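Reviewing the structure listed below.
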There are 2 protein chains.
Amino acid sequence: MSIKTVSRALNDAPHVSTDARERVRAAAAKLDYHPNIAAQSLIARRSYLIGLTYERPSPSYVVELQNGALARLEDSRFRLVVLPFRDVANRPTELGRLLVRAGLDGVVLAPPACDQDDLLEMLDRQKLPYARITPHREMARGIVATIDEVAAGHAIAAHLLSIGHRRIGIIMGDPSHAACAARMEGYRRAFAEAGAAIDDHLIVTGDFTYDVGYAVAADLLRRAPQPTAILAQNDDMAVAAMAAVRDRGMAVPADVSVAGFDDSEVSRTAWPQLTTVRQPVSELAWDATDRLIAALETERDGSSKYAASPAPRGDHAHELFVRSSTAPPR
Amino acid sequence: MSIKTVSRALNDAPHVSTDARERVRAAAAKLDYHPNIAAQSLIARRSYLIGLTYERPSPSYVVELQNGALARLEDSRFRLVVLPFRDVANRPTELGRLLVRAGLDGVVLAPPACDQDDLLEMLDRQKLPYARITPHREMARGIVATIDEVAAGHAIAAHLLSIGHRRIGIIMGDPSHAACAARMEGYRRAFAEAGAAIDDHLIVTGDFTYDVGYAVAADLLRRAPQPTAILAQNDDMAVAAMAAVRDRGMAVPADVSVAGFDDSEVSRTAWPQLTTVRQPVSELAWDATDRLIAALETERDGSSKYAASPAPRGDHAHELFVRSSTAPPR
DNA sequence: GCAACGACGGTAAACGTTGTCATAAGCAGG
DNA sequence: CCTGCTTATGACAACGTTTACCGTCGTTGC
């Protein structure tokens, strides 16, 4: 049996009888032979590596992101390389270089990297395909999986307004994430529809982390008139806000209601459980990875000239979860 | 200039003048040329990929693990591939095959994979180097980074006993993790030193997750006499226990004290903050990765015959954090 | 009996880098 | 001038696959 026949058999290529294929399979298993991936990569000009980048998000966000991507990669020959970034905003080219040097076939960009023009520019130049998760600018660029964050922000704010809150404190996320503005825009629309106005005095800025969230929430609670509800732009800061409320001797939701954003795991392990709006991070990551791989496949199948048809934009639905951290003001 | 000179220049090899090296560097930067990693891998018989495996742990544990490994890999040419497992205990060989087929240079095994004899056996056979994080069996096998979990278990139990608790409920983790028995042994010793005995009636078994932790904690609280304190084998289950206590209308720590294990992020974002014992997961992962890479380097440097000196066992210290979730019984 | 086709062997080339080898130029010290 | 060292050069093999081309054999259909 020639070496090519073996190669064909293991790669499900035609021109091999099922009998021969079986024998090859059996022999490979017995000798536990595995084709050398480096050699395959060399000839296929494919590393079979997909990168996943993110920057200092909450643990549950990272894990959901990874799980989504990994779920898609399971049973494929692609492997997932994690590449956390620090400070994408200030050194996009350095990080672009890192991505290119990692020898990836493609990369999934979570916020805020997905909105860094310089980075995208560099990836385009290097012909490194990318998929973007919940970007907020240049929505037509590359593969995009997203939710309508304006609508999601609207949903959560509308909930607080509908149960009677008007003095609502807002904890913004890291301003370098374009998502912040989108969520805020959703809040604004909900206020407008309710015939209310946002009190700029009750807006503070965090960075999506618990610690900073706690500090700015405590600051917020010292202001007069005190808000009857707090709207945080992610769950970690919302949980921090609950702690700040209680540390001032008040109760959630009796004295102050708190709502978050993301429906991350912490929203369910918090007590009381957090009212929040779900961002289907796992599905988004799955979808982004799926379309990225699809793009790689068609690219390889030669028809690269007209395969660059605009990928359908992946819109996913948000979902409001009203739990125990919100109640009407007294 | 010949191609080898370029190769030498980029790899900091000798026999190249500094002048030539500079010119090569400059040209490479201008053309943004990057050596093909697949070709390098092929000839070096090195993929420059390190795997990290874990199984369904809490998000903060995963993230700490990854951060530790990634911190070590930064500025090295190695990249991190994540390979979460499901149900290692029941299909070790299948997962071993997955590791081998991923073409890794080495793999970091977190619990419970680090204690699967069949898996280790297979990795030995395939000559795939591995580092184990907090294993509990065959401690001499492979590279090991660990803490003394018996001592850590002792520390946290001794704290509860020292402030006066005697009726202490215990929430065990997933029995397939050997760590459970070690932590339990630490508890036992602390009880013995305090002249107390563990009430087997107050032991329940979870699986390290919040949901199951909540269920068994609720079960525990229905037993009479009710425990005055709960000792959970990780922080997620401890947080679940706090929720169960409050859902029965009682307060933490006024009515029931709760202590955890790990000092994971959730212990600090919980309210009240959790008394726990720190397991330095990041450092453990850093250390494991570091020694794994060191082993790979010496292996490559030819002297593989006598380089197999027993790596020093990496023992790290635990640390007790007494926070607000524990208080003397009333 | 002949053409078409599928299965398979042989041989060689290709992927992009590094290692080996022989060799030469430039420069110092004897 | 010879010797030894450093720097650089070209030719070539090697890593382990896949692919391309060419050819043989047996089977099937007409």
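These numbers come from a predicted model, not from an experiment. Quick note on labels: first sequence line is chain A, next is B, and so on, each numbered from 1. Values below: all heavy atoms of this structure, side chains included; hydrogens, waters and symmetry mates excluded.
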Margin query: Measure CD1/A/I37 against C1'/D/dG16 and give the value in whole Å, please.
Written below: 12 Å
Next item on the list: List in chain and number order the residues that pass side-chain contact (heavy atoms from CB on, under 4.5 Å) with A/S7, two or more places apart in sequence or in another chain; answer none if no residue qualifies.
Entry: A/N11
Next item on the list: Return the minimal non-hydrogen interatomic distance between B/L49 and B/A102, and the atom names on each side.
Entry: CD1-O, 4.3 Å
Item checked: Test side-chain contact (heavy atoms from CB on, under 4.5 Å) applied to B/F85 and B/R91, step by step -> CA-CA 10 Å; B/F85 276 179; B/R91 35 179 204 166; over 6 Å; no
Next item on the list: Could you check if a side-chain atom of A/L296 sits within less than 4.5 angstrom of a side-chain atom of A/F78, using non-hydrogen atoms only?
Entry: yes
Notebook entry, point to check: Through what angle, rounded to 10 degrees, does the axis of the helix from C/dG1-D/dC30 to C/dG30-D/dC1 turn between its ends, using five pairs per end?
Noted result: 30°
Check: Roughly how far, to the nearest 0.5 Å, is CG of A/D105 from CZ of A/R45?
Finding: 12.5 Å
Next item on the list: Output yes when at least one side-chain N/O atom of B/S7 is less than 4.0 Å from OP1 or OP2 of C/dT18, else no.
Entry: yes
Next item on the list: Nearest whole angstrom, please: distance from the P of D/dC15 to the OH of B/Y48.
Entry: 17 Å
Margin query: Using a 4.0 Å heavy-atom cut-off to protein, can you give one letter per nucleotide of nucleotides 4-16 of chain C, 5' to 3': B if the base is in contact, S if only the sugar-phosphate is, - if neither?
Written below: ---SSBBB--BBB
Margin query: Between B/P59 and A/V62, is there a side-chain heavy-atom distance shorter than 4.5 Å?
Written below: no
Check: CZ/B/R79 to OG/B/S47 distance, rounded to the nearest 0.5 angstrom?
Finding: 7.0 Å
Checklist line | A/R25, CZ: over 12 other non-hydrogen atoms inside 6.0 angstrom | finding: yes
